[in-house]
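Single-structure report; data block below.
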Amino acid sequence: MSADVTAVVVRLKLSLLRNGLRQSGGRRAAYLVSAVVTLLFAALQLLGLIALRGNAHAVSVAVLLVAVLAVGWAVMPLFFPGGDETLDPTRLVMLPLRPRPLVRALLAASLVGIGPVFTLCLLIGCAVSVAHGSAAYVVAVVGVVLALLVCVALARAVAVANIRLLTSRKGRDLAVLSGLVIAIGAQLANFGVQRLGSSGLAQLDPAGDVLRWVPPASAIGAVDSASSGSYGVAVAQLALSFGALVALIALWSRHLTRLMIAPDGSTLQAATESAARERTSTGLGRLLPGGRTGTVVERSLRYIWRDPKTKAAWVTSLAIGLIVPVFNALQGTGSIYFACFAAGMLGIQMYNQFGQDTSAFWMVATTISSPRDAYVELRGRALALLVITLPYATLVTVVTTAMLGDWARLPEALGLSFALLGAMLATGAWTSARFPYSIPQEGYKNVAPGQTGLAWISIFGGMIAAALLCAPVITLTIWLNVVRDGDRWSWVLLPVGALYGAAITLAGLRLAAPRTAARLPEILAAVSRG
């Protein structure tokens, strides 16, 4: 019976994959391209790991890579809950299936796909890089299988433990963290590669000595122990990985049993509690001005907090705006002017203001009957951005200055940041009216099909225009540093940049208001297309 269930579930996984590829030629092409690129990268990694054979630090690299793979498998269900439909066991709760056979079936189905093949290639490379002798290769076969099963079981256990949250509307907001993790991970990887390039692989040895006893990396550590003749240590390390596999399967089975017999009242309860909190929360409204301006500011801030797509964009911008200047300062290659990156990243949020409202923009459009109404609407949206961007850009600039110790240039860096922010608010208001586009509410796409060109013109055209608008402040900065004593006169750039940024923002809002009022039907049609 268990074998029959396993075969059925594996065929179900293959059918889901095949039927998904049949939906469109574009999806099929994208899958094939991603599969080829992933497998090619896995093959290159495999060859690179094999080339490490004989290196004194190969085991540190291997166990660290396996640990990173395990972390990736653990967080994958949290960030991409829709990436694998079989991750959701609630689809099977109405079937007459016992949890134990279902666990075995789902574990077998989890081994089907590009991810497991990619992981297997890297695990084989890690094992081969540290294996020396016939006994080590025998241990390597067992270790690779154990490490792969631990990774898969870890992903399944995490998914089942959080499936009620991940399939709820509130729980899908966890996906916004993916942008933050990717941004931080990319910078950490870049920083780590540069440090390793300058100091060598020996820096990994302390971490490797610890991770070789942490499952599933301990399975690869066992291969190295067997290579050196420490067979008792190798058995202990394999036992650790096997014990972790048993514990994860038991945890998975326990949560799966509870999931299949317990009613789902968590979403309703969470919604009720959220509504109660919302009814009693009036603190934000008390701090804002009255009239339409305060209403627009509060609405925009609530969109930032509640809408998953808007929140994802803000989280990513906030992270990258801090990471770029800070990591460059840590590497010794930074400049005080990198702090302007924070203002630039946050200023992008002013672009396509009406598209962020999606089809709900029609309710806003009904309240705009004149350029004055459009101006107040745009002004409120700009103020909502400034509530976050001004203190954040200032904080990033101060932190970057402190890390570099270049306090004399703090005023000019702040002045440039304020001028850039004002220019991006101005161009963002204008391009929002001139080049609006729709943002799909479902999925991970940020532009509706057929509107990619509009998005490129709106964002990159606006950024170029903002850079040109900042030319006077940039020219003044260069002139003061080249012709005059920069340390003596740099304080002038702070009030000049702040005043210039405020003036250019007001000018941009006033220019965009008549166009917004005149093009309301076109804007509404464009942003409602998705």
Side-chain angles (χ1 to χ4, degrees), residues 281-307 310-311 313-315 317-318 321 340 342-357 360-361 363-365 367-397 414-415 417-434 436 458 462 466 469-470 494-495 497-517 520 523 527:
S281 177
T282 58
L284 179 62
R286 293 174 181 174
L287 299 175
L288 298 175
R292 177 169 185 147
T293 299
T295 302
V296 174
V297 172
E298 183 173 3
R299 185 210 321 139
S300 299
L301 293 175
R302 289 187 183 276
Y303 276 177
I304 293 171
W305 180 250
R306 294 180 178 179
D307 181 62
T310 306
K311 187 189 294 185
W314 272 92
V315 168
S317 296
L318 288 169
C340 297
M345 288 301 301
L346 297 179
I348 293 176
Q349 304 307 317
M350 188 64 186
Y351 292 84
N352 196 35
Q353 274 292 306
F354 308 128
Q356 296 175 16
D357 294 357
F361 178 67
M363 292 187 292
V364 177
T367 66
I368 299 177
S369 57
S370 65
R372 174 63 184 174
D373 293 335
Y375 173 75
V376 176
E377 175 72 25
L378 290 170
R379 184 181 64 185
R381 292 172 183 252
L383 286 174
L385 267 69
L386 288 173
V387 168
I388 302 174
T389 54
L390 269 180
Y392 188 78
T394 303
L395 175 64
V396 171
T397 305
L414 283 174
S417 294
F418 295 157
L420 176 61
L421 182 58
M424 297 197 74
L425 292 178
T427 55
W430 191 85
T431 57
S432 293
R434 183 62 182 85
S458 174
L469 288 175
C470 286
L494 177 55
L499 292 174
Y500 183 83
I504 203 69
T505 298
L506 292 175
L509 295 177
R510 291 196 178 277
L511 287 174
R515 183 173 292 272
T516 301
L520 276 179
I523 295 173
V527 302

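Since this is a predicted model, take the numbers as computed values, not measurements. Hydrogens, waters and symmetry mates play no part in the numbers below; they use all other heavy atoms, side chains included.
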(message) Run the side chain to side chain contact (heavy atoms under 4.5 Å, CB included) test on Arg515 and Arg434 for me, step by step, so that the C-alpha distance in whole Å, both residues' side-chain angles and the decisive distance to 0.1 Å come before the verdict.
(response) CA-CA 8 Å; Arg515 183 173 292 272; Arg434 183 62 182 85; 3.5 Å; yes
(message) Assess the residue pair Leu386 and Leu425 against the criterion (side chain to side chain contact (heavy atoms under 4.5 Å, CB included)); give the C-alpha distance rounded to whole Å, side-chain angles, the decisive distance to 0.1 Å, and a yes or no.
(response) CA-CA 9 Å; Leu386 288 173; Leu425 292 178; 3.6 Å; yes
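Smallest separation of non-hydrogen atoms from Val297 and Ala384: O-CB, 3.9 Å. In plain terms, the two heavy atoms of Pro371 and Pro514 that are nearest each other are CB-CA, 4.1 Å. Nearest heavy atoms, Met424 versus Ala343: SD-O, 4.2 Å. Pairing each heavy atom of Leu346 with each of Ser317, the nearest pair is CD2-CB, 4.0 Å. Closest non-hydrogen pair, Gly321 versus Ala342, comes out as O-CB, 3.6 Å. Annotation for Ala513 and Ala374: closest pair O-CB, 3.4 Å, computed over non-hydrogen atoms.
You'll find the side chain of Ile388 reaches within 4.5 Å of the side chain of Ile304, heavy atoms only. With contacts defined as side-chain heavy-atom distances shorter than 4.5 Å, the pair Val296/Arg379 does not qualify. Side-chain contact between Trp430 and Leu378 is absent, with no heavy-atom pair separated by less than 4.5 Å. Put simply, the side chain of Leu414 reaches to within 4.5 Å of the side chain of Thr394, judged on heavy atoms. The closest side-chain heavy-atom distance from Leu499 to Phe418 is not below 4.5 Å. You'll find the side chain of Asn352 stays beyond 4.5 Å of the side chain of Thr431, heavy atoms only. Using a 4.5 Å heavy-atom threshold, the side chains of Asp357 and Arg381 count as touching.
The CD1 atom of Ile504 lies 12.0 Å from the CG atom of Leu420; values are rounded to the nearest 0.5 Å. Rounded to the nearest 0.5 angstrom, Ile523 CD1 and Phe354 CZ are separated by 5.0 Å. Going from atom CG of Leu506 over to atom OH of Tyr375 covers 5.0 Å, rounded to the nearest 0.5 Å. The distance from the CD atom of Glu377 to the OG1 atom of Thr293 is 9.5 Å, given to the nearest 0.5 Å. Taken from CG in Leu385 to OG in Ser300, the straight-line distance is 7.5 Å, to the nearest 0.5 Å. Going from atom CD1 of Ile368 over to atom CZ of Phe361 covers 5.0 Å, rounded to the nearest 0.5 Å.
Checked by atom type and distance alone, the side chain of Thr367 pairs as donor or acceptor with a backbone atom of Val364 at under 3.5 Å. The backbone N or O of Gln349 sits less than 3.5 Å from a side-chain atom of Gln356, completing a donor-acceptor pair. Side chain of Ser432 to backbone of Gln353: a donor-acceptor contact under 3.5 angstrom is found.
Between the side chains of Thr427 and Tyr351, a donor-acceptor pair is found at a separation under 3.5 Å.
Sorted pairs that involve residues 498-513 and meet side chain to side chain donor-acceptor pair (under 3.5 Å), not counting sequence neighbours, are lacking altogether.
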